[in-house]
Amino acid sequence: MNADLSVTNAILLVGQPNVGKSVLFHRLTGAYVNVSNYPGTTVEVTRANARFDHQAVLLDTPGILALPARSDDERATVRALLEEHTRCLVQVGDAKNLRRTLTLTALLTDLGLPLVLALNMHDEAAARGVTVDIPALAKELGIPVLATVATGGSGIAELTGSLPDARAPEAMLRYDSDFETDIAATAAAIARLAPHPHLAARGLAILFLGGDPEVAGWLAERRRPLRRPRSFAPAGWRECRRRSASPPCP
Amino acid sequence: MRRLAGENAEGDLPALLARERTEAADTLSASVIQRAPRSSPLLAQRVGQYVVHPAWGMPILLAMLYLVYQFVGVFGATVLVGLLEKDLFEGILNPAFTDFVTAAVNIPFIAELLVGQYGLWTMGMTYALALILPIVTTFFLAFGVLEDSGYLPRLTVIANRLFALIGLNGRAVLPMVLGLGCVTMATLTTRILHSPRERMITIFLLALAIPCSAQLGVVLGMLGGVSFSAVLIWALAMVLVLVLLLSGLLAARLIPGRRIPLVTELPPMRLPILGNVLKKTGGRLKWYLLEVIPLFLLGTFIMFALDKLGALPAIIRAGEPLVSGWLGLPPEASAAFVMGFLRRDFGATGLFAMAHTLSPVQAVVGMITITLFIPCFASLMMMVKEQGLKIALTMVAVIVPFAFLVGGLFNIALRALWVPA
């Protein structure tokens, strides 16, 4: 690991589209980003220094419906996950739709990065009669969970206060045993041949097996200096990486 | 590892894993959530349903358009522009500045460069500050409210219904609606589309028939002097062009025929927060003026140089068969199209400045043509960045003649059919 990689100062805001990542980003950095009440406003990663910690850099990422990435904006988010020296992830989620939010949380816990969950739009959830037992959820997930209203500014101080406590959680679930066998075999290969400085091999294995083009590309590059470069980077992958549509890679 | 990847890709692993995750999320969320029983849906939810209602959606859309037209076209472009342009600039600032320059600078060439017919101050700055500024300010305000209220994404539902009739892929609708804000940004947003072909076609249509907010403002302002029905005719023309072109492309099998339904999430309707709308309007205005003032000055200088070199009269003469004969506009409108090459809204402002000499039909035809005309320089650069120089230039080569073709057809049709009140 070179010196650069040991400085882990990036905090990534991730989440589904239109949950308020950019509003939160604006709150935490003061940097103006275009913010709208519709999905797809952010299609590139934006970065700015955090107000609360001058050592930290905050990154606003395009919304992801799910991973592996299917479109160019989702790929930008995966690239950020692969390339940034991430200190922790802040998942911004819709408090009105906890089920959907937790579906993504399940995936993020596989990545092995310290994680904090901000349940945003808490006011709207309350107006719709939805109350979330936040301490119970935090205990269940093993990560800090906070209720926020990014537009109004409530819960922001609690959120920044919880960041130092963020720990990498246990993977939220074990998949079907057939998949787990494949995942474990692939993860072992990744850990041996191309370990990532921050991301868990398990998470990379899941994305790779699902055909994520960015992860496949990253792994293929990593393999080159090692002994059997050809075996790991067939031409098919690079081809697949260039196409913006991403059918499962060969 | 490759073998595993191959096997799993066939089994559609991501979907299977996603199902397991959803089940786990379902169980967990059920255990920590309490739902208060509620008898009736929230007002916001009911409004959200009405605006996309199959029967009520259209009347509400028209009412929205009418309100925006009143605010931007009538209040912004007539009242505010009247105050700024007629009273402040033409009444006080420009005469004073002209006197000062002619007295201070004895060289007629320099004086004309600053305050002549194509003067940097009398044309460039006056266009930017007295004509464009009030129009885009009112429009950005109205647009910000529509955006933050959650109405705008609901337009995609209405537009999708329209496109469904001709079998167009629903997902492409979203960037097109976003293009009403800024075509440059929307060109970038086409990244949410899955196939390169869809992206290319959407970018082309964005460049052709989707007016950006600055342009929409000028169109509303210009047609604000005519009537609301003029605005409707213009809007109908854009929809017609989109629909006809798309069905043509579909018929030619240029777009894959398989229809993928629009699956987009509709954000909740909310009351926009005034502070946020103002902040956003301020941010957009700053960005717009920073970009537009240098370009307007550059454009004015090019016009001045063309005029001095004697090229402008030649261009006007050369354009006469096209502009006067085919489009039915006064020959001077050629100058506006020359300006339109730099930025559509600069060209539209040129037409706007001569609005009092245009008949209603001429105003509508002029606006239709300039809307279809090539987009602004920034979005052209974005097209090059996203699609490459060759495709971008091909698109421009198709768009320019097409704009004149459609404008001329509307000229003929409107003269025959439309009797403005």
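Just so we're on the same page: letters track the sequence lines, and every chain starts at 1.
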**OP:** Could you please state which residues from residues 136-144 of chain A sit under 4.5 angstrom from chain B, measuring non-hydrogen atom to non-hydrogen atom, sorted by number, or 'none'?
**Re:** A/A136, A/L137, A/E140, A/L141
**OP:** State, with a plain yes or no, whether a side-chain heavy atom of B/I33 is found less than 4.5 Å away from one of A/V130.
**Re:** yes
Subject >> Inter-residue atom distance B/L28.CG - A/L98.CG, 0.5 Å rounding >> reply: 7.0 Å
Original post:
So, do A/R174 and B/E20 sit near enough that their side-chain heavy atoms are less than 4.5 Å apart?
Top reply: no
Original post:
Quick one: of A/T151, A/D133, A/I206, A/L107, who has the most non-hydrogen atom pairs under 4.5 Å with chain B?
Top reply: A/L107
**OP:** Evaluate the side-chain proximity of A/D176 to B/L16: yes if any heavy-atom separation is below 4.5 Å, no if none is.
**Re:** no
Original post:
Contact part of A/D178 toward chain B, heavy-atom cut-off under 4.5 Å: side chain, backbone, both or neither?
Top reply: neither
Subject >> Within 6.0 angstrom of B/Y50 OH, more than 12 heavy atoms from elsewhere >> reply: no
Original post:
Among pairs that include at least one residue of residues 22-33 of chain B, which meet salt bridge (charged side-chain N to carboxylate O under 4.0 Å, His left out), considering only residues two or more places apart or in two chains?
Top reply: A/R99-B/D26
Subject >> B/R21/A/T105 under side-chain contact (heavy atoms from CB on, under 4.5 Å): CA gap, chis, key distance, verdict >> reply: CA-CA 9 Å; B/R21 279 185 210 115; A/T105 312; over 6 Å; no
**OP:** Please check if atom CD in A/E180 has more than 12 non-hydrogen atoms from other residues, nucleotides or ligands closer than 6.0 Å.
**Re:** yes
**OP:** With a 4.5 Å cut-off on heavy-atom pairs, point out which of B/A18, B/A24, B/A25 contacts chain A the most.
**Re:** B/A25
